[in-house]
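Some notes on the structure that comes next.
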Amino acid sequence: MADPKGFLTTPRQDRPRRPVEERVRDWDEVYVPGALLPIVSKQADRCMDCGVPFCHEACPLGNLIPEWNDLVSREDWRAAAERLHATNNFPEFTGRLCPAPCEAGCVLAINQPAVTIKDIECAIADRAWAEGFAAPAPPDRLSDRTVAVIGSGPTGLAAAQQLTRAGHTVAVYERDDRIGGLMRYGIPEFKMEKRHLERRIEQMRAEGTKFRTSTTVGRDVDAAELRARYDAVVIATGATAWRELAVPGRELTGVHQAMEYLPLANRVCAGDLETSPLSAAGRDVVIVGGGDTGADCLGTAVREGAASVTQLDIYERPGTVRDEDTEPWPTYPKLYRLSPAHEEAHALRTAPAAAENSDVRLFAASTLRLTGDAEGRVRAVHLVEVDAERRPVPGTERVLPADLVLLALGFSGPDRSDGLVSGLGLELEPRGTIARDAGFATNVPGVFAAGDAARGQSLIVWAIAEGRAVAAAVDRHLTDGTTRLPAPIGPYDRPMRA
């Protein structure tokens, strides 16, 4: 490490966000452009170069964090980019979208604010593109093997890039009109501008990966025929079967799933639409679900000009410090956090119903029913406070005005309506995900499953790790039983828990 006392002398400094009043008027990323470079080297100096770096264990990719922290502290950006890309295909994605379990596992976090690992990662990735350190890496020679990857989210793209670089001919099939999966149409522009995705896709094209958009395998292309056409198939469709809200009034007009709402806003940003048909402009919005997808809906509704926005979270409001008994270091703790979207909504006072707790979220809130007007449009959400066991607390019922209700309740597994699962005869786990063995292989020879479709809903860093790991399994299957591709995780690995 460049400064052995850096963690003692330098306080943590996060990258600054643009003023709320400025950023809610556009769809650009919330952070001040270029603000990382003046501070990132000193922040990298805070890395302790500890003897046992638990940040490695907390990150499923096994990122070489102390190594590239040291290189950044010395401003050796080329070497830092090489070490970062050695374990992560898309660090500009994780540097913006990952909740950073590595920081929870930072040894410094035992009694101080953790190293700003996520910010440093983002700075390296952006510098790599700016300085030309992310050039395409096509294979030296091609094998005679072909692979179809179904799904172009982070798992599918990581698997495709790894297999292409190993010399196989890879085609990625995507049901939407553009590549990127959830990163394209689920993640709002203010969290990650799509230019980051576009340049990575162009890199992959230059390396030889083929892309087939607007193609639903199982409907537009027969799944069994596709399997017969390729030497191996990787299913990386994600967990797109959304969870429902089973309450009276769900059928009312104006009640929509988050993944019906968010893609339309992204299409407006892409220039496909002038305005979203589900725009929150001038409407009272209630978001059911307290996770990241709900926060994405929140930030989107604020930018669309909602009259009010309230987010319902069925869990109790978490504390601000780690509970060492239930969530000891180095596990990722459930803490009270304010995302940029929550900061914006609170600053603009968009949710008077939640103003008493200085947040637009209502915690420990469960939806009882939705009611509407004579035309069948939703007009109110009836809710009740619940205890830790999710039992209603008598006398806590309340009503929120709502003419747009967004359901952000998570996902249960792959969509089974397109014919992919049935067409291939895939076996499923009881929870609805695709069954696979210790080598990522399904019950169908030559067919592998990875990412949220098999693991269940997870983080982007786990999705990329799954893509890299399944690529190694497929490469081993296509060759003589060996592979030089890294496999950072196994299909049964899970995040660290107490």
Side-chain angles (χ1 to χ4, degrees), residues 12-36 39-40 43 92-104 113-114 116-123 125-126 182-197 258 261-262 265-266 268-269 280 285 287 289-306 308-313 317-318 320 332-351 354-355 357-363 406 408 459-461:
R12 177 179 170 115
Q13 184 178 1
D14 295 286
R15 52 181 159 174
R17 298 169 181 170
R18 294 188 291 141
V20 168
E21 295 76 12
E22 172 190 323
R23 69 188 196 235
V24 297
R25 292 198 295 265
D26 60 43
W27 293 89
D28 298 340
E29 290 181 8
V30 301
Y31 296 101
V32 176
L36 262 179
I39 65 173
V40 72
Q43 290 302 300
E92 66 272 30
F93 301 167
T94 51
R96 288 172 167 83
L97 304 177
C98 181
C102 54
E103 293 188 15
T116 57
I117 298 171
K118 180 177 173 179
D119 284 359
I120 297 167
E121 176 183 38
C122 191
D126 289 351
L182 190 68
M183 294 185 296
R184 171 72 67 181
Y185 289 125
I187 300 298
E189 193 84 0
F190 59 83
K191 285 184 70 175
M192 187 182 79
E193 295 172 9
K194 300 305 180 286
R195 60 187 177 88
H196 302 295
L197 178 60
Y261 172 72
L262 291 172
N266 274 301
V268 172
C269 293
V285 182
I287 301 164
D292 289 342
T293 303
D296 293 344
C297 292
L298 176 64
T300 300
V302 167
R303 282 162 177 76
E304 289 179 337
S308 70
V309 191
T310 306
Q311 184 179 7
L312 307 182
D313 191 332
R317 176 170 169 164
T320 57
Y332 187 79
K334 183 176 178 60
L335 298 176
Y336 177 76
R337 297 178 175 91
L338 274 178
S339 74
H342 294 124
E343 180 186 57
E344 293 156 5
H346 173 59
L348 299 176
R349 297 295 190 271
T350 60
N357 63 8
S358 302
D359 199 334
V360 300
R361 286 169 286 187
L362 291 178
F363 291 93
L406 302 174
L459 304 176
I460 185 172
V461 69

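As the structure is a computational prediction, the values presented were derived from the model and not from experiment.
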When rounded to the nearest 0.5 angstrom, what distance separates OH in Tyr261 from CG in Asp296? 10.5 Å
Would you say Cys98 and Glu121 make side-chain contact, with heavy atoms under 4.5 Å? no
Sequence neighbours left out, what passes side-chain hydrogen bond (donor to acceptor under 3.5 Å, both in side chains) with Tyr31? Give chain and number order. none
Output all residues satisfying salt bridge (charged side-chain N to carboxylate O under 4.0 Å, His left out) with Asp313, sequence neighbours left out; order by chain, then residue number. none
Before accepting this row, confirm whether a basic side-chain N of the pair Asp26/Arg18 lies closer than 4.0 Å to the acidic partner's carboxylate O. yes
Asp292 and Arg337 ion-paired at < 4.0 Å: no
Using side-chain contact (heavy atoms from CB on, under 4.5 Å) as the criterion, list what pairs up with Ala123, not counting sequence neighbours. Leu36, Val40, Trp77
Mind checking side-chain contact (heavy atoms from CB on, under 4.5 Å) for Glu193 and listing every partner two or more places apart, or none if nothing turns up? Asp28, Glu29, Glu189, Arg195, His196
Gap between atom NE2 of His342 and atom CZ of Arg361 - 0.5 Å precision: 4.0 Å
Arg184: salt bridge (charged side-chain N to carboxylate O under 4.0 Å, His left out) partners, not counting sequence neighbours: Glu198
Between the CG atom in Leu338 and the CG atom in Asp359, the distance rounded to the nearest 0.5 Å is 5.5 Å
The criterion is salt bridge (charged side-chain N to carboxylate O under 4.0 Å, His left out); which residues satisfy it with Arg12, sequence neighbours excluded? Asp14, Glu103
Do we get Arg23 above Phe190's six-membered ring, with its NZ or CZ under 6.0 Å from the centre and within 45° of the axis? no
